[in-house]
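Read the structure below first, then the notes.
We count ligands from 1, going down the list as the structure has it; atoms in each ligand are counted the same way. Remember, predicted model here, so these are calculated numbers, not experimental data.
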Amino acid sequence: LSTYIAPLDEIRFVLNDLINISKLSEQIGSDVLADAELVDAILEQAARFAEQVLAPLNTVGDRHGAKWKDGQVSTAPGFIGAYNKFVESGWNNVVIAEKNGGQGLPNLLCAALQEMFVSANKSFCFCPELTAFAVKALENAASEELKQQYIPNLVSGKWTATMNLTEPQAGSDVGALRTRAMLQEDGSYRIFGQKIFISYGEHDLAENIIHLVLARIPGAPEGSRGVSLFVVPKILPESGIRNDVVCTGVEHKMGNHGSPTCTLVYGDSGEGATGWLVGELNMGLKAMFVMVNSARFNVGLEGVALGELAYQQAKSYAQERIQGRLATGGSDSVTIIRHPDVRRMLLVMRSQTEAMRALAYTIAATRDRTASCIDQIEKRSHQSFVDLMIPIFKGWASETAIDVTSTSIQVHGGIGYIEESGVSQPFRDVRVAAIYEGTTSIQAHDLVERKLVNNGGKAYQAWRYQIEICLTELAQRDDPTLLTIHHHLQSAVTAMDSAVTWAIENYAEYKLEVLAGSVPLLRLCGMVAGGWLLARSATVAKTQLLNAPYASGFLPRKVQSAHFYACHVLPEVNSLAMVAKGVGMATLALGEEAF
Ligand SMILES: Cc1cc2nc3c(=O)[nH]c(=O)nc-3n(C[C@H](O)[C@H](O)[C@H](O)COP(=O)(O)OP(=O)(O)OC[C@H]3O[C@@H](n4cnc5c(N)ncnc54)[C@H](O)[C@@H]3O)c2cc1C
């Protein structure tokens with residue numbers, strides 16, 4: 001079992017050199033980001049917490065799991081203590097606005113902290129993460145009275161929160177949900193129905209659990225237009241009485257064993273669970289989407305976090321495991337890191353993880369710019385970039401992390417397949433990232449329909465302009481490595497342009513064909529986004545190396561990652577573009593009966 005070491009050098013490089021945190025601090029007026037020492041101190045404290053408190057419980061959570069008995073759920077040994085420490089240190093409310101009692105740290109810094117915490121213990125992180133998102137949703141849509149009643153205890157960590165969308169017949173199609181809400185004379189509602197797969201729907205970490213529940217009132221329009229959002233506490237705050245919501249079981253899952261995934265039954269005793277409307281009737285999906293959109297970004301970040309963990313495990317093993325002789329001869333057996341294909345696998349893992357991180361932090365920084373921008377045109381342009389990138393990042397990073405964590409098992413050989421080695425945990429834990437908060441198909445539909453076609457390709461063109469600047473800079477540098485990166489990035493971008501244009505032009509007439517190729521389209525957009533930011537990282541690193549041409553270590557590694565990614569990952573964009581444009585007819589040639 002190997003431990004997790006927070007990659008602070010890498011995180012600092014992305015924050016300082018790729019994003020330019022000091023410029024960002026001026027743009028968004030952040031005192032925290034302007035204070036480099038403070039930023040460093042926060043990163044180091046978070047790294048210590050991740051390494052020393054959360055990481056040691058990762059295997060415990062995986063092996064012990066969360067246990068259900070008579071409606072109660074107990075988390076794995078050590079989770080309660082870690083939660084109390086997490087809350088005492090204030091890590092639970094870093095992202096929550098100061099006006100709500102949180103610390104209001106910029107999204108960029110929060111992304112770095114969240115990455116470290118999730119690498120260390122993904123299952124643990126769900127609980128405080130969902131709570132912070134719920135505060136955002138309440139802040140956005142709830143009445144003042146509800147805000148005052150619920151937000152302070154959620155921010156302090158005394159209570160936690162959940163998001164309740166899924167029902168047996170309503171997964172990707174949330175509008176198919178049947179949970180009912182009946183208005184009472186006092187203005188409250190009685191909730192009846194069953195929700196499944198609810199993360200931390202029941203647990204022993206906090207005094208109360210506040211469920212944000214989607215339900216429909218009698219006579220509401222069919223589908224997603226008839227869905228309303230309700231706040232339903234496990235224990236009614238005024239009276240301390242147990243509400244009529246019961247956890248009837250937890251799922252036995254492939255991964256994330258430390259996080260209880262609960263079935264919740266509302267109104268089983270006949271009276272209904274008491275809840276209150278959040279926002280307007282039938283506008284629940286819009287209100288809930290504040291939570292869902294934040295969650296989608298964080299799911300992409302799970303890809304970065306577990307990619308990093310898996311890379312660290314694979315690298316350590318490859319440096320120690322002795323097996324086989326060098327292909328060029330010699331009588332001694334060598335460590336497997338000396339075999340070219342093992343190196344290739346490690347670089348596939350490292351470069352893709354760095355690419356995902358670069359995109360994650362770029363999105364987070366743009367969210368900060370959006371939030372603080374006064375000029376409305378500029379604000380809209382930042383928001384369009386974020387809107388375009390969320391489905392790309394969520395879909396691409398979660399799918400890529402599955403490949404990266406699987407490659408770690410390959411690097412380990414047979415021992416990687418043995419549970420005791422702990423190598424399969426990141427793979428098992430990250431597999432669900434491509435499923436929850438909207439599957440990759442749902443992200444790809446969102447990308448094509450809302451972010452490309454409905455937008456008339458405007459957000460895409462604005463992003464392309466940024467890539468063009470990067471290409472020009474690469475071409476102007478008299479450096480063979482940067483010119484190689486330029487060559488591959490240019491070729492990938494040309495292929496992406498042709499696939500995106502094809503999708504936009506054909507969507508109206510050949511919708512099904514375009515959607516059949518939408519996941520490859522999403523993946524290639526993610527690959528290019530990663531390649532663009534690694535290319536920018538390489539130019540920055542090369543500039544720094546001009547002053548230290550013989551430097552070893554971090555900067556040459558950054559250039560190597562970008563170079564490798566350009567040579568190994570970006571060429572795949574060409575074939576994916578062909579798939580995106582050409583797979584529709586073959587996919588739809590025959591009806592269901594042919595399967
Ligand atoms: C560990 C875990 C934790 C979870 N936590 C929560 C939680 O806290 N709260 C919550 O509400 N839910 C939660 N979920 C539920 C999760 O969000 C759903 O599982 C997910 O949205 C997919 O829904 P589904 O399982 O019904 O699959 P389905 O929607 O039945 O999808 C099955 C397949 O069909 C595809 N598909 C479906 N519809 C379309 C379409 N229109 N176009 C193209 N393809 C389509 C999907 O992409 C998928 O490949 C959790 C799930 C898991 C496994």
Name the closest protein heavy atom to [atom], giving the residue it belongs to and the distance to 0.1 Å.
{"atom": "atom 26 (O) of ligand 1", "answer": "G171 CA, 3.2 Å"}
{"atom": "atom 35 (C) of ligand 1", "answer": "S441 OG, 4.6 Å"}
{"atom": "atom 13 (C) of ligand 1", "answer": "F197 O, 3.0 Å"}
{"atom": "atom 41 (N) of ligand 1", "answer": "I442 CD1, 4.2 Å"}
{"atom": "atom 10 (C) of ligand 1", "answer": "T166 OG1, 3.3 Å"}

Applying a 4.0 Å heavy-atom criterion (strictly less than), which segment of [X] is in contact with ligand 1: side chain, backbone, both, or neither?
{"X": "H445", "value": "side chain"}
{"X": "T439", "value": "side chain"}
{"X": "V432", "value": "side chain"}

Is there a side-chain contact between Y460 and M496, using heavy atoms and a 4.5 Å cut-off? yes

As a test of the contact definition, would [atom] count as having a protein heavy-atom neighbour under 4.0 Å?
{"atom": "atom 44 (N) of ligand 1", "value": "yes"}
{"atom": "atom 32 (C) of ligand 1", "value": "no"}
{"atom": "atom 47 (O) of ligand 1", "value": "yes"}
{"atom": "atom 3 (C) of ligand 1", "value": "yes"}

Grab the two heavy atoms, one from [X] and one from [Y], that are nearest each other, plus how far apart they are.
{"X": "N243", "Y": "P233", "result": "ND2-O, 2.9 Å"}
{"X": "C262", "Y": "V250", "result": "SG-CG1, 4.0 Å"}
{"X": "S518", "Y": "L515", "result": "OG-O, 2.7 Å"}

Interfacing atoms of ligand 1 (cut-off 4.0 Å, heavy-atom, [X]):
{"X": "I435", "value": "20 (C)"}
{"X": "K253", "value": "1 (C)"}
{"X": "E437", "value": "17 (O)"}

Compare S172, A433, A176 and give the one whose heavy atom is closest to atom 36 (N) of ligand 1. S172

Determine, using heavy atoms of N256 and all atoms of ligand 1, whether some pair is separated by less than 4.0 Å. no

K195 near ligand 1, heavy-atom distance under 4.0 Å? no

Can we say [X] and [Y] salt-bridge, meaning some charged N sits less than 4.0 Å from an Asp/Glu carboxylate O?
{"X": "E202", "Y": "K234", "result": "yes"}
{"X": "E167", "Y": "R178", "result": "no"}
{"X": "K394", "Y": "E437", "result": "no"}

Consider only side-chain N and O atoms of Y266 and N164, and report whether a donor and an acceptor are under 3.5 Å apart. yes

Would you call the rings of F86 and F117 parallel, tilted or perpendicular if under 30° counts as parallel and over 60° as perpendicular? perpendicular

As an exercise, state the distance from CD of E302 to OG of S119, rounded to the nearest 0.5 Å. 10.5 Å

Value for CZ (R190) from CD (Q184), rounded to nearest 0.5 Å, stands at 5.0 Å

